[in-house]
Amino acid sequence: MPELPEVETIVNNLRLGAAGAPALPGKVITGAQVLWQRTVAEPDAPVFEQQITGQAVRDIHRRGKYLVFELSHDVLLVHLRMSGDLLVGSGEHAVTAHTRLLLRFKNGLHLAFQDARKFGRVWLTCDPLSVLGRLGPEPFDEQLTAELFYTRLQGSRRQVKPLLLDQSFLAGLGNIYTDEALHLAKIHPQANAHSLELRQAERLLESIRCVLREGIRRQGASIDWVYRGGDFQNYFRVYRRSGSPCPACGTSVVRIVVSQRGTHICPRCQAVN
DNA sequence: CACGAGACCTGTTCGC
DNA sequence: TGCGAACAGGTCTCGT
């Protein structure tokens, strides 16, 4: 479920503390409990529980859609996939119906990995690149110039939407922000990547950065039954707005399917090439 | 190489 | 009201 802005928001809250919860950096993990074995991709759950206990959280940051916890000896990587969330709490009732992993700290403080659909995964490793190594550039990386982005688009024969969703092409976009960015750039999701001109590539990169910045500023989107405070869902241009008017031209937004993902476009602004 | 289908999972919403 | 189908913010693997 979460894309770059939602992950960024969660990281910021865990790093700095939010809503009465303390910041995690500096705290020592006093115990761990794996409630759904497959949530832990590596190592085996019993080893994970034993190995993470006693390690302090040094810092937390984001790479693509991964949360990266720098611990005393290892790195904890968390990918929330479709329905995952990380919640800090204290006292009783730490484990609920959807808790898949629980990390305990002193004084009853805990970090719960909640994940209704069980797609989320965590890794405890001393070699984070073994997991993160294939990720493409960060969208806000200054090294990623419009010219370079254009060249990378030229290098693919794929449709532009599935290419943007490919984390090895660009790290962090998901279904929402891809639809929003393509609409803002006025590019059809099924346009061939290599057919885009330099000006379109420039506009697409700008649009990607624009919608991601907007998402971060609004603390992400909260849709379906997952709510974490963000309100970007109230500002979607096209995502899940079929039948509503395009904010740019008033034409009805249409839902199509592109590489098996629901896709929302304005048929007028995003004409097929 | 690129694409489609299926798998992994559970919960909500939609249509009859 | 009830029930099955469709759908959901992601990614991996397999077959063509």
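These numbers come from the heavy atoms of this one structure, side chains and all, not from hydrogens, waters or symmetry mates. Each chain gets a letter, A, B and so on, in the order its sequence line appears, and its residues count up from 1.
Residue-level contact check: A/R255 touches the backbone only, with heavy atoms under 4.0 Å from sugar-phosphate atoms and none from bases. Contacts of A/R121 with the nucleic acid, taken as non-hydrogen atoms under 4.0 Å apart, are absent.
If you look at A/F232 and A/Y239, their ring centroids are not closer than 6.0 Å.
Qualifying side chain to side chain donor-acceptor pair (under 3.5 Å) partners for A/N175, counting only residues two or more places apart in sequence or in other chains: A/K161. With sequence neighbours excluded, no residue forms a side chain to side chain donor-acceptor pair (under 3.5 Å) with A/Q37. For A/R121, there are no side chain to side chain donor-acceptor pair (under 3.5 Å) partners at least two apart in sequence or on another chain. For A/T96, the side chain to side chain donor-acceptor pair (under 3.5 Å) partners are A/T99, A/Q114, not counting sequence neighbours.
Of the listed nucleotides (B/dA2, B/dG4, C/dG9), B/dG4 has the atom at the smallest distance from the side chain of A/S259. Of the candidates B/dG6, B/dC8, C/dT11, B/dC8 carries the atom nearest the A/R38 side chain, counting heavy atoms from C-beta on.
Residue A/R209 places its CZ atom among more than 12 non-hydrogen atoms of other residues, nucleotides or ligands, all under 6.0 Å distant.
Within the 4.5 Å cutoff, no side-chain heavy atoms of A/L111 are placed close to those of A/V57. Using a 4.5 Å cut-off on side-chain heavy atoms (C-beta onward), A/K186 and A/R203 make contact. Here the side chains of A/F69 and A/I29 are not in contact, with every heavy-atom distance at 4.5 Å or above.
Checking the phosphate oxygens (OP1, OP2) of B/dT10, a side-chain nitrogen or oxygen of A/K118 falls inside 4.0 Å. OP1 or OP2 of C/dG10 has at least one side-chain nitrogen or oxygen of A/K65 nearer than 4.0 Å. For C/dG10, neither phosphate oxygen OP1 nor OP2 lies less than 4.0 angstrom from any side-chain nitrogen or oxygen of A/H79. Contact annotation: A/H98 reaches the phosphate of B/dG11 (side-chain N/O to OP1 or OP2, under 4.0 Å). OP1 or OP2 of C/dC7 has not a single side-chain nitrogen or oxygen of A/R261 nearer than 4.0 Å.
Summarising the geometry of A/C210 relative to A/L184, their closest heavy-atom pair is SG-CD2, 3.8 Å, with the distance given to 0.1 Å.
Between the C1' atom of C/dG9 and the CG atom of A/N234 lies a distance of 16 Å, rounded to the nearest Å. Rounded to whole Å, the distance from CD on A/Q190 to P on B/dG4 is 9 Å. Atom pair A/R117:CZ and B/dT10:P shows a separation of 10 Å (rounding to whole Å applied). Distance A/R240 CZ to C/dC7 P: 11 Å, rounded to the nearest Å. Rounded to a whole Å, the CZ atom of A/R81 is 6 Å from the P atom of C/dC12. The CG atom of A/D179 sits 14 Å away from the C1' atom of C/dG10 (whole-angstrom rounding). In this structure, the CD atom of A/Q260 is 16 Å from the P atom of C/dT13, given to the nearest Å. Separating the NE2 atom of A/H194 from the C1' atom of B/dC1 is a distance of 13 Å, rounded to the nearest angstrom.
Atom name P, nucleotides C/dA8 and B/dA5: the rounded distance is 15 Å, in whole Å. Taking atom P in both B/dG6 and C/dA5, the straight-line distance is 15 Å, to the nearest Å.
In DNA chain B, stems built from 3 or more consecutive Watson-Crick or G-U wobble pairs, each with both distances under 3.5 Å, span B:2-8 with C:10-16, B:10-16 with C:2-8.
Interface remark: the A/Q159 side chain does not form any donor-acceptor pair with the B/dA2 base, using a distance-only criterion of under 3.5 Å.
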Using atom names, set out every protein N or O paired with an N or O of nucleotides 14-16 of chain B below 3.5 Å, distance rounded to 0.1 Å.
none

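A distance cut-off of 5.5 Å between ring centres, combined with a plane angle under 30°, places A/F119 in a stacking arrangement with the base of B/dC8.
The side chain to side chain contact (heavy atoms under 4.5 Å, CB included) test with A/L76 singles out one residue from A/T125, A/L103, A/L67, and that residue is A/L103.
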